[in-house]
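See below for the structure under consideration.
The sequence lines fix the lettering, A, B, ..., with proteins before strands; numbering per chain opens at 1. What you see is a predicted model, and the numbers here were worked out from it, not measured in a lab.
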Amino acid sequence: MTGSSRARGPRTLFDKIWEAHLVSETPGRASLVAIDRIFLHERTGSVALKGLKQAGRPIADTARVFCTMDHIVDTFPGRSDETRMPGGKAFITETREAALEAGIRLFDVRDPDQGIVHVISPELGIVLPGATLVCPDSHTCTQGALGALAWGIGSTEAEHALATGTLRVNRPSTLLVRFEGTLAPGVTAKDLSLALVSRHGSAGGNGCAIEYGGSAVRDMDIEARLTLCNMATEFSAMTGIVAPDEKTFAYLEGRRYAPRGELWERAVASWRRLASDEGARFDREIDVDAGGLAPMITWGTSPQHAIPVTGAVPALEASGLPRESYDRALAYMGLEPGTPLGELPIDAAFIGSCTNSRLSDLRRAAALLRGRKVAPGVRAICVPGSMHVKREAESEGLDEVFKAAGFEWREPGCSMCFFAGGESFGPRERVVSSTNRNFESRQGPETRTHIASPETVAASAVAGHIADARRLAS
Amino acid sequence: MEPFRKLTAVAAPILRANVDTDAIIPSREMKSVSKSGLADGLFAGWRYTQIGGREPNPHFVLNQPAYRGTRILLGGENFGCGSSREHAVWALAEYGIRAIIAPSFSPIFFNNCVRNGILPARLPEGAVQSIAEDVAHDPQSRPVSVDLESQAVVAHGGACWRFELDSEAKQMLLEGLDAVDLTLRQREAIERFLSRDTAERPWIYLEPTAGGDR
Ligand code: SF4
């Protein structure tokens with residue numbers, strides 16, 4: 001950190017992390033920023049590692065590079081390297097080969113720590129407050145929940161980060177999103193993200209580094225903050241970040257790659273300074289009355305098409321969309337204006353993904369499913385986010401609750417969060433899903449996705465139609 | 001990487017907002033573990049009559065004879081949003097697209113374009129519209145010109161718009177430079193940073209063995 005930047009007056013959390021990582025800066029050009037952690041996965045990892053090898057470039061520091069198998073691995077019990085995706089096996093075997101050869105830490109298909117990158121990185125203490133972390137995956141912003149600057153990059157940029165330990169980045173503008181208030185019962189971090197995107201549009205945070213603040217965020221546990229930050233990319237932001245606090249430190253203490261002993265004490269002392277200073281200026285600010293929000297669900301084909309779960313498909317004027325996008329979304333989803341979402345029968349329910357597949361998500365869904373059954377004809381699937389989550393859930397008997405209710409209980413991975421070419425719910429099947437994207441064909445050709453919290457998914461699975469979990473709970 | 005200086009070519013409109021990378025290349029089309037062999041999958045969901053098929057959908061703009069040889073795309077707001085898959089850009093490049101003109105781009109997509117020799121030019125929505133209208137009269141005889149040096153887009157009718165681009169992206173595109181080479185020229189600055197930072201934040205620097213094994 002340079003003396004001059006300290007003298008500049010109050011700084012935002014983003015400014016502090018950015019400045020601590022500046023290797024060089026030239027006005028009007030991208031800055032060279034040091035990268036502390038690089039995470040790869042089998043979908044794009046082998047491409048980056050192979051590209052590097054072909055160019056004859058070694059990895060700058062292998063100890064700070066990690067790789068997992070999550071995107072296309074099979075999630076059926078008893079899985080192997082075979083996948084339902086045609087040609088998928090090659091991604092797995094080639095990534096394994098490239099990772100072993102490069103000497104980086106690999107969480108392989110059978111590793112007890114395997115799981116979705118954005119679930120295992122916090123779980124293992126790989127992402128740390130004040131650190132920079134990149135991964136060729138757009139939901140890398142999830143990890144900002146720990147107070148890190150974490151963002152998604154492309155494969156060519158991943159090669160750059162691997163080879164140089166740095167990235168060339170244009171300093172993003174800053175946006176403070178303040179969620180003030182106490183969440184009403186049944187309202188979760190997922191609903192906050194959906195409400196934000198629905199109000200300000202999916203381009204609303206274009207290129208910004210968002211800091212999520214306000215009492216509702218301070219009150220959240222770390223897993224809820226991960227859910228909140230997960231969808232910063234659905235807002236077109238570069239990333240989302242939450243200032244680390246005592247909860248963050250308690251969460252990280254003792255995790256495998258987190259510092260220990262005297263180093264831990266030093267780290268925490270430094271992390272305590274990671275908050276926006278009083279009077280620090282952001283380029284933009286958005287205030288949301290979090291106390292006034294309801295559980296949300298999407299009706300269309302963009303996360304911005306979200307409305308309260310008690311609502312009806314909006315009319316064109318109320319949707320705020322251009323006619324073409326509106327008509328297209330309705331046609332794709334097979335919906336009519338004015339239809340109450342609560343009347344829509346569903347074909348499937350999915351709980352999983354880096355948004356909502358952590359232990360707390362599974363606990364809340366299981367609490368609603370206990371003693372209940374999935375409605376006849378509904379296919380219901382639960383995919384824990386990591387081996388660690390799966391083991392903990394099983395030790396609490398949550399797997400039994402899911403299975404007794406009629407859910408499939410899977411091995412960790414991205415699974416049907418996105419369609420990798422193999423397994424899908426089927427054309428025109430209506431799915432309530434705890435994932436983050438409802439784009440056309442995201443979960444399979446012509447599949448109709450409604451994204452919502454795990455609570456809403458569980459309640460809908462039981463009801464056989466889109467349902468308000470608050471009514472089931474009472 | 002092929003340098004980009006000036007290009008005059010057929011431009012095709014895909015003007016809807018939020019064209020995401022799943023639309024640019026659906027995941028089912030990313031069968032290859034390499035960066036090539038992707039052009040056939042470009043816009044597959046729109047370009048072919050059937051999922052997984054290869055029969056051209058005559059309604060899709062790039063299939064229309066008038067737009068044969070398209071090298072420039074005219075896009076809508078938030079072009080390239082969604083998944084960070086660089087395959088979208090590799091597919092565009094392999095297909096022959098060298099420039100995309102749109103009101104805004106998703107940041108990851110924007111960077112991926114620059115790193116693969118595709119110029120992402122931001123022009124106001126009205127400008128993109130009027131270029132598309134100009135082109136529509138006869139795409140083959142009304143090509144669009146993009147000049148990176150002067151940062152200008154010129155429609156066949158003569159109307160001209162300037163676009164902003166940071167100087168580094170410009171240099172990389174103009175010289176066809178690999179960013180890694182550019183960065184490795186600053187090796188000393190990186191070393192200086194590391195020696196200072198290792199003292200300040202030692203917990204970031206993991207032991208190769210302790211970090212790698214359990
Ligand atoms: S769970 Fe879904 S959103 Fe998350 S990393 Fe996997 S594919 Fe991407």
Side-chain angles (χ1 to χ4, degrees), chain A residues 23-24 28-30 32 34 36 44 46-47 51 55 57 62-64 86-87 90-91 94 103 105 128 131 136-138 152-157 159-160 163-166 168 170 202-203 206-207 236 238 256-257 259 263 266-267 270 302 322 324-325 418-421 437 439-442 445, chain B residues 16-18 20 22-23 26-35 45 51-52 77-78 81-86 89 104 106-112 115-116 166-169 171 178-180 182-184 186 189-190 192-194 197 200-208 210-214:
Chain A
V23 174
S24 73
R29 296 178 72 106
L32 196 59
D36 298 331
T44 47
S46 64
V47 183
R57 289 173 173 140
T62 51
R64 294 188 282 135
F91 286 80
E94 295 199 18
R105 180 73 172 93
L128 296 173
D137 184 278
S138 56
I153 54 173
S155 305
T156 305
E157 285 194 285
E159 283 178 38
H160 187 286
T164 69
T166 66
R168 314 179 75 84
N170 286 303
S202 45
N206 193 285
S236 280
M238 171 196 183
R256 177 156 337 114
Y257 295 95
L263 212 51
R266 268 183 77 186
S270 134
S302 154
E324 199 214 339
S325 331
F418 83 118
F419 179 61
R437 285 193 176 139
F439 299 155
E440 286 184 19
S441 302
R442 168 79 179 178
Chain B
R16 46 185 291 216
N18 304 315
D20 60 77
D22 285 70
S27 29
R28 62 177 177 277
E29 297 287 349
M30 294 161 39
K31 298 185 198 97
S32 154
V33 193
S34 79
K35 300 179 183 180
I51 299 279
E77 195 198 332
N78 202 22
C81 63
S83 153
S84 63
R85 63 185 65 164
E86 194 157 331
V89 172
S104 63
S106 131
I108 302 176
F109 181 82
F110 186 94
N111 285 338
N112 286 342
R115 276 155 184 71
N116 288 279
D166 69 83
S167 61
E168 181 170 290
Q171 185 191 0
D178 181 324
V180 175
L182 209 62
T183 297
L184 290 177
Q186 299 193 48
I190 298 174
R192 271 199 308 278
F193 173 89
L194 286 175
D197 197 51
E200 271 187 31
R201 302 185 310 147
W203 56 88
I204 290 297
Y205 298 89
L206 300 166
E207 295 292 327
D213 304 316
R214 282 175 306 128

Given that the side chain runs from C-beta out, which part of A:Thr166 has a heavy atom under 4.5 Å from chain B: side chain, backbone, both or neither? side chain
Nearest 0.5 angstrom please: A:Thr156 OG1 to B:Asn116 CG, how far? 4.5 Å
Would you mind checking which part of A:Phe418 comes under 4.5 Å of any heavy atom in chain B, side chain (CB onward), backbone (N, CA, C, O), both or neither? side chain
Taking A:Arg442, A:Glu94, A:Glu157 one by one, which has the highest count of heavy-atom pairs under 4.5 Å against chain B? A:Glu157
Measure across B:Leu206 and A:Tyr257 and return the closest heavy-atom pair with its distance rounded to 0.1 Å. CD2-O, 3.9 Å
Contacting moiety of A:Ile153, where chain B heavy atoms sit under 4.5 Å: backbone
With a 4.5 Å cut-off on heavy-atom pairs, point out which of A:Met238, A:Glu159, A:Arg266 contacts chain B the most. A:Arg266
Need one label for A:Arg57: side chain, backbone, both or neither, based on atoms under 4.5 Å from any heavy atom in chain B. side chain
Between A:Gly87, A:Pro322, A:Ser302, A:Ser236, who has the most heavy-atom pairs with chain B when the cutoff is under 4.5 Å? A:Ser236
Rounded to the nearest 0.5 Å, how far apart are CD of A:Glu324 and CZ of B:Arg16? 6.5 Å
Check B:Asp22 with A:Arg437, please: is the shortest side-chain N to carboxylate O separation under 4.0 Å? no
So, taking the atom named CG in A:Leu263 and the one named CZ in B:Arg201, what distance separates them when rounded to the nearest 0.5 Å? 12.0 Å
For the OG1 atom of A:Thr164 and the CD atom of B:Gln186, what is their distance to the nearest 0.5 Å? 10.0 Å
As a quick check of understanding, evaluate side-chain contact (heavy atoms from CB on, under 4.5 Å) for A:Phe439 and B:Ser83, giving each step before the final call. CA-CA 10 Å; A:Phe439 299 155; B:Ser83 153; over 6 Å; no
Given that the side chain runs from C-beta out, which part of A:Ser202 has a heavy atom under 4.5 Å from chain B: side chain, backbone, both or neither? both
A:Asn206/B:Ser104 under side chain to side chain donor-acceptor pair (under 3.5 Å): CA gap, chis, key distance, verdict: CA-CA 9 Å; A:Asn206 193 285; B:Ser104 63; 4.6 Å; no
Determine the minimum heavy-atom distance between B:Ile108 and A:Gly154, stating which atoms define it. CG2-N, 4.1 Å
